[in-house]
There are 2 protein chains.
Amino acid sequence: MDAGRGTAEAGDGKGTGEGDGGAPRPRTYGPRERMVFSAAQLIRRDGVNATGMREVAVHAGAPRGSLQHYFPGGKQQLVDEAVAWSGRYAARRIGRFLAALPEPSPSALFAAMVGQWIREYETEGFGAGCPVAAATVDCAQSAESTRRSAAGAFATWNAPLADALTGFGVPAAQAPALALLMISTLEGALLIARAEGSTAPLETVARELGPLLDGCATGRDRT
Amino acid sequence: MDAGRGTAEAGDGKGTGEGDGGAPRPRTYGPRERMVFSAAQLIRRDGVNATGMREVAVHAGAPRGSLQHYFPGGKQQLVDEAVAWSGRYAARRIGRFLAALPEPSPSALFAAMVGQWIREYETEGFGAGCPVAAATVDCAQSAESTRRSAAGAFATWNAPLADALTGFGVPAAQAPALALLMISTLEGALLIARAEGSTAPLETVARELGPLLDGCATGRDRT
DNA sequence: TGCGGTTTATGACAGCGGTCATAATACTGA
DNA sequence: TCAGTATTATGACCGCTGTCATAAACCGCA
């Protein structure tokens with residue numbers, strides 16, 4: 001899922017430790033948005049409970065006083081919004097993957113999704129995982145609203161994926177299930193890759209699951 | 001994966017004394033073991049950072065003073081051992097599933113693994129997930145030893161699964177990869193199921209991935 | 001210029017976290 | 001019985017957390 005990073009649209013961001021004043025901070029985003037963005041970044045690195053509000057403000061280059069102003073619901077609101085934002089981000093990225101596929105197929109799309117993570121891990125290390133997964137692990141039991149937010153994020157992520165699969169010839173009735181399978185497998189492989197500090201699990205699941213996915217696309221309906 | 005249930009005295013049965021009709025006399029575990037066990041339970045429920053040492057002692061019915069005595073390495077040591085224990089537990093359970101399969105096949109084994117979670121969620125609610133996943137999310141970045149412990153747990157879990165797959169006719173070269181795919185998918189579906197508060201994701205991945213796994217067992221190729 | 005709102009600044013607080021220091025107790029073995 | 005170790009019992013400490021209360025600064029607008 002990723003919380004987005006650098007690139008053209010996110011601008012500022014990473015490097016929590018080095019909050020140095022080196023890079024000019026494009027003010028294209030307001031403090032509120034930056035705090036949500038930073039929260040997602042920190043959550044996916046350290047988990048929800050290890051991410052402090054003050055830390056979020058610092059990371060976002062936002063004044064601490066803005067926290068209670070923009071998020072009167074406290075930390076829970078901030079976390080919920082960060083999770084929802086991450087879901088939207090992942091969904092948007094599906095569209096971008098789709099547009100960039102040389103030849104459309106379920107396995108190619110899955111490879112693109114996994115490949116994005118492989119590239120991130122190779123270039124930036126295994127410091128961060130999926131923020132929605134982190135929020136689920138940390139809050140599913142303790143914060144009902146966050147749990148719901150995570151469920152919404154997964155659904156938001158699933159929808160465009162399922163649409164893409166139907167476009168590949170997967171029966172409409174099966175597409176959402178297959179999309180869920182892809183997301184599940186990616187999330188799990190992400191976890192294991194982070195634990196092992198290796199991209200091998202990601203590469204493995206892409207290699208193993210990809211052909212099986214394609215089998216569903218050409219199975220009976222596609223012509 | 002699961003960390004067993006009930007309070008500290010439950011143990012995990014380990015086959016003896018539970019089904020053999022003898023007196024069920026719960027074998028009593030020492031405070032140390034109970035604390036590791038309780039730590040796993042609490043971690044999988046609230047995550048690592050939200051689980052306090054004092055809380056672990058209380059849950060285990062163990063004296064607080066024993067914490068620093070048995071775990072001079074502090075919380076990190078306790079967490080590491082809880083994670084390692086969980087890995088061993090999951091591995092042991094593969095053997096039990098295998099022995100109980102009516103007709104051996106990859107899909108049946110996967111269904112058993114998933115089914116265990118479905119049953120737990122149906123009877124005890126969605127309060128808890130996989131402790132190894134929780135530890136990975138919370139500690140992969142901050143605690144190197146815990147990250148390694150989680151990697152070890154996944155490996156410990158993978159080994160008997162891969163062995164079982166080769167027993168089902170999966171080529172030995174592919175078995176570990178397929179085992180990884182199964183674990184990844186299960187972990188991811190677990191996450192989503194918890195977020196949604198529904199067992200549907202678990203049922204879905206079992207239904208979708210199962211047949212694909214069997215396709216690999218029939219001596220079919222993988223290129 | 002003054003006013004009303006949005007936004008930011010600061011400080012305090014109450015609580016809990018892990019960890020340490022120290023002492024008391026229980027138990028084993030001679 | 002006693003010595004010595006293993007275990008348990010407390011209490012304190014310091015740092016950090018989320019949250020609140022309050023006031024200052026800012027800014028568009030008359």
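Note that the structure is predicted; figures quoted are calculated from it, not measured. Letters A, B, ... mirror the listed sequences (proteins, then strands); counts begin at 1.
The distance between atom CD of Q77(B) and atom P of dG18(C), rounded to the nearest whole Å, is 15 Å. Rounding to whole angstrom units, CG of residue L42(B) and P of dG17(C) are separated by 12 Å. Rounded to an integer number of Å, the gap from L67(A) CG to dT17(D) P is 13 Å. Rounded to whole Å, the distance from CZ on F71(A) to P on dT8(C) is 11 Å.
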Check nucleotides 20-29 of chain C against the protein and report each pair of N or O atoms closer than 3.5 Å, with its distance, or say if there are none.
{"unit_1": "dA21(C)", "atom_1": "N6", "unit_2": "Q68(B)", "atom_2": "NE2", "d": "2.7"}

Enumerate the protein-to-nucleotides 25-27 of chain D contacts in which both atoms are nitrogen or oxygen and the separation is below 3.5 Å.
none

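For DNA chain D, the neighbouring residues in residues 48-57 of chain B, judged by any heavy atom under 4.0 Å, are R54(B).
Look at R44(A) and E120(A) and you find a salt bridge, because one of the NZ, NE, NH1 or NH2 atoms lies within 4.0 Å of a carboxylate O, short of that distance.
Residues passing the side-chain hydrogen bond (donor to acceptor under 3.5 Å, both in side chains) test with T166(A), sequence neighbours excluded: none. With sequence neighbours excluded, the residues forming a side chain to side chain contact (heavy atoms under 4.5 Å, CB included) with Q77(A) are R32(A), F71(A), P72(A), E81(A), listed by chain and number. For F126(B), the ring pair (Phe, Tyr, Trp, His ring centres under 6.0 Å) criterion is met by Y121(B), not counting sequence neighbours. With sequence neighbours excluded, the residues forming a side chain to side chain contact (heavy atoms under 4.5 Å, CB included) with A179(A) are N158(A), L161(A), A162(A), L165(A), listed by chain and number. Legend: residues meeting side chain to side chain contact (heavy atoms under 4.5 Å, CB included) with E33(A), ordered by chain and number and at least two apart, are Y29(A). Taking the side chain to side chain contact (heavy atoms under 4.5 Å, CB included) definition, one finds that N49(A) meets it with D138(A), N49(B), A50(B), sequence neighbours left out. Considering only residues two or more places apart in sequence or on other chains, S198(A) meets the side-chain hydrogen bond (donor to acceptor under 3.5 Å, both in side chains) condition with none of them.
The shortest distance between the side-chain N/O atoms of Y70(B) and the OP1/OP2 oxygens of dA6(D) is not below 4.0 Å. The side chain of H69(B) places no N or O atom within less than 4.0 Å of a non-bridging phosphate oxygen (OP1 or OP2) of dT8(D). In this structure, S66(A) reaches the dT8(C) phosphate: one of its side-chain N or O atoms is under 4.0 Å from OP1 or OP2.
For residues 148-159 of chain B, every residue pair satisfying the salt bridge (charged side-chain N to carboxylate O under 4.0 Å, His left out) rule, not counting sequence neighbours, is listed here: E144(B)-R148(B).
With hydrogens and angles disregarded, a donor-acceptor distance shorter than 3.5 Å links the side chain of T51(A) to the backbone of G47(A). Side chain of R194(B) to main chain of G127(B): a donor-acceptor pair is present (N/O by atom type, distance under 3.5 Å, no hydrogens or angles). A donor-acceptor pair is defined here as one N or O able to donate and one able to accept, closer than 3.5 Å; such a pair exists between the side chain of R34(B) and the backbone of G61(B).
Which of dT8(D), dG18(D), dT7(C) sits closest to the side chain of K75(A) comes down to dG18(D).
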Inset, instruction - Starting from the C-alpha separation in whole Å, work towards a yes-or-no answer on side-chain contact (heavy atoms from CB on, under 4.5 Å) for M113(A) and I94(A). - result: CA-CA 8 Å; M113(A) 295 168 60; I94(A) 294 294; 3.9 Å; yes
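If one axis is set at each end of the helix from dT1(C)-dA30(D) to dC16(C)-dG15(D) from five pairs, those axes are 20° apart, to 10°.
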